[in-house]
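Order of listing sets the numbers, starting from 1, for every ligand and every atom in it. No experiment lies behind these values; they were computed from the predicted model shown. For the numbers below, each heavy atom of this structure counts, side chains included, while hydrogens, waters and symmetry mates do not.
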Amino acid sequence: MGVVNVTPDSFSDGGRYLDPAAALAHARKLIAEGADILDIGGESTRPGAQPVSEDEELARVRPLVEALRDASIPISVDTRRPRVMREALRAGASMINDVEALESPGALESVASSDCAICLMHKKGDPATMQRDPRYGDVVAEVKAYLAERIAAAESAGINRGRIAIDPGFGFGKTPAHNLELLRRLDELGSLGVPVVAGWSRKSTLGVITGKPVGERLAASIAAALLSVQHGANILRVHDVTETRDALAVWQALRKA
Ligand code: HH2
C-alpha cells in the first residue's frame, strides 16, 4: 500500500504533494513502481497534528481520487470523517483506511452502505496528545481486544468480515517499547481472522533506534517492513514502494527456494 499525503504537514512528506499535479504524478509513480493499493490522505495524523476542516480535507482528497478513477489498482482514502468517506467512495475510492476504526458517529453506516474494503486501526488518544506518556498493561492484548471489538461493531453494522483489515497502529499512542512489543508479537493478531496491515514507514521509533532524521529512515523502514511480514503482516503501508518491493522479492524468493 503506497502512501500519498495531500497535506502541508505530514511528518515525512508534508507539502511535497499538496499541489494536485504533484500528487497525481506521485500517485502514478507509486502505481508504476508496483503498489497494489494507494492510500490517499488529506489530514496529517502525526503526533501533535492539528485537525483540518472537513471541507479542506475533501478539497485535497476528492480531485485526486477522481483523477485516479481509471487506475489499475484499488484506491484507499485515509480519513476519520464519515462525510469524507462517503464522498471519496462516490468519487471512486474502494477502500477506507480509518485511524479511528469507524468510531466517529456515522462512520460505520457510511462504510456499511457501500461495498468498500475497510482498514480498522488502533490508536490511543488523539494525535494532538497521544505521544504524551502512553501506558498499557499488556499492549498486545489491549490492541487485540480493541480490534476484536471494532470488527464485531463493523459486522453488527452489516460490514462483512471479508471486507475488513486491521492495523495495530504503530506510533499511535505508543512508545518505542510498545511498538517493538507489537511487532514481536504481531502474529497474535492473526487469530482475529482478517488481514493485518503494518505501517512502520519512516516512523519516529525507527529514528530512535537508528538516530536518523525522518529523511534518512529508508533502510530502517525496509527492515521493519520485512520483519512485519515475517511476523504475519499481509499489507505494508509504505512511502517507498520500489525499495520495499525489492526487499520483499528477496524474502519471497527464499521462501520459494
Ligand atoms: N500511519 C499514518 C497514517 N495513517 N493508517 C494506517 N492504517 N496505519 C498506519 O500506520 C498509519 C495510517 C501516519 O503516516 P503518514 O500518513 O505518512 O503521516 P501523516 O499522518 O503525518 O500524514
Would you check the N or O atoms of [X], main chain and side chain alike, for any that come under 3.5 Å of an N or O of ligand 1?
X      : answer
Asp13  : no
Ser12  : no
Glu43  : no
Phe11  : yes
His239 : yes
Asp9   : no

Measure the distance from [atom] to every protein heavy atom, then report the residue, atom name and distance (to 0.1 Å) of the closest one.
atom                    : result
atom 4 (N) of ligand 1  : Asp78 OD2, 2.8 Å
atom 2 (C) of ligand 1  : Arg237 NH1, 3.3 Å
atom 10 (O) of ligand 1 : Lys203 NZ, 2.6 Å
atom 22 (O) of ligand 1 : Ser10 OG, 2.4 Å
atom 21 (O) of ligand 1 : Ser44 OG, 2.7 Å
atom 8 (N) of ligand 1  : Asp167 OD2, 2.6 Å

Thr244 versus Ala225, closest heavy-atom pair with distance:
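Residues Thr244 and Ala225, closest heavy atoms: CG2-CB, 4.1 Å.
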Testing the basics here: between Arg202 and Ser221, what is the closest heavy-atom pair and its distance to 0.1 Å?
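Looking at all heavy atoms of both residues, the closest pair is N-OG, 2.8 Å.
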Just let me know how [X] lines up against ligand 1, side chain, backbone, both or neither, with a heavy-atom cut-off below 4.0 Å.
X      : answer
Met121 : side chain
Cys119 : side chain
Asn97  : side chain
Trp200 : neither

Assess whether side-chain contact (heavy atoms from CB on, under 4.5 Å) is satisfied between Arg185 and Asp138, documenting all intermediate values.
CA-CA 11 Å; Arg185 294 168 54 197; Asp138 177 339; 3.3 Å; yes
Going by atom types only, do His231 and Ser228 share a side-chain donor-acceptor pair under 3.5 Å?
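No pair is found: no donor N or O on one side chain lies under 3.5 Å from an acceptor on the other.
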Exercise answer: donor-acceptor pairs, residues 114-123 side-chain atoms, under 3.5 Å, sequence neighbours excluded:
{"unit_1": "Ser114", "atom_1": "OG", "unit_2": "Val111", "atom_2": "O", "d": "3.2"}
{"unit_1": "Ser114", "atom_1": "OG", "unit_2": "Cys116", "atom_2": "N", "d": "3.0"}
{"unit_1": "His122", "atom_1": "ND1", "unit_2": "Lys174", "atom_2": "NZ", "d": "2.8"}
{"unit_1": "Lys123", "atom_1": "NZ", "unit_2": "Gly125", "atom_2": "O", "d": "2.8"}

How long is the span from the CD1 atom in Ile75 to the CD1 atom in Ile37, to the nearest 0.5 Å?
9.5 Å
Evaluate Asp39 against Val4 for side-chain contact (heavy atoms from CB on, under 4.5 Å), listing each step before the verdict.
CA-CA 6 Å; Asp39 189 38; Val4 184; over 6 Å; no
Proximity flag Arg202 to ligand 1, non-hydrogen atoms under 4.0 Å
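Contact absent.
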Has Thr7 got any heavy atom lying under 4.0 angstrom from an atom of ligand 1?
no
Within a 6.0 Å radius of atom CZ on Arg16, are there more than 12 heavy atoms belonging to other residues, nucleotides or ligands?
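No, not enclosed.
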Should you measure from each heavy atom of Thr45, which atoms of ligand 1 turn up under 4.0 Å away?
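Those qualifying, in numeric order: 3 (C), 19 (P), 20 (O), 21 (O).
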Extract all donor-acceptor atom pairs below 3.5 Å that involve side chains of residues 142-160 and protein atoms in other chains or at least two apart in sequence.
{"unit_1": "Glu142", "atom_1": "OE2", "unit_2": "Lys124", "atom_2": "NZ", "d": "2.8"}
{"unit_1": "Lys144", "atom_1": "NZ", "unit_2": "Glu188", "atom_2": "O", "d": "3.1"}
{"unit_1": "Lys144", "atom_1": "NZ", "unit_2": "Ser191", "atom_2": "OG", "d": "2.7"}
{"unit_1": "Tyr146", "atom_1": "OH", "unit_2": "Glu103", "atom_2": "OE2", "d": "2.6"}
{"unit_1": "Arg150", "atom_1": "NE", "unit_2": "Ala101", "atom_2": "O", "d": "2.9"}
{"unit_1": "Arg150", "atom_1": "NH2", "unit_2": "Ala101", "atom_2": "O", "d": "3.1"}
{"unit_1": "Arg150", "atom_1": "NH2", "unit_2": "Leu102", "atom_2": "O", "d": "2.9"}
{"unit_1": "Glu155", "atom_1": "OE1", "unit_2": "Arg161", "atom_2": "NH2", "d": "3.4"}
{"unit_1": "Glu155", "atom_1": "OE2", "unit_2": "Arg161", "atom_2": "NE", "d": "3.2"}
{"unit_1": "Ser156", "atom_1": "OG", "unit_2": "Ala152", "atom_2": "O", "d": "2.9"}
{"unit_1": "Asn160", "atom_1": "OD1", "unit_2": "Gly162", "atom_2": "N", "d": "3.1"}

Quick one: do [X] and [Y] make a salt bridge, cutoff under 4.0 Å?
X      : Y      : answer
Glu43  : Arg60  : no
Asp167 : Arg237 : no
Asp126 : Arg132 : no

Which is closest to atom 15 (P) of ligand 1 in terms of heavy atoms, Val238, Asn5, Val6, Asp39?
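Shortest heavy-atom distance from atom 15 (P) of ligand 1: Asn5.
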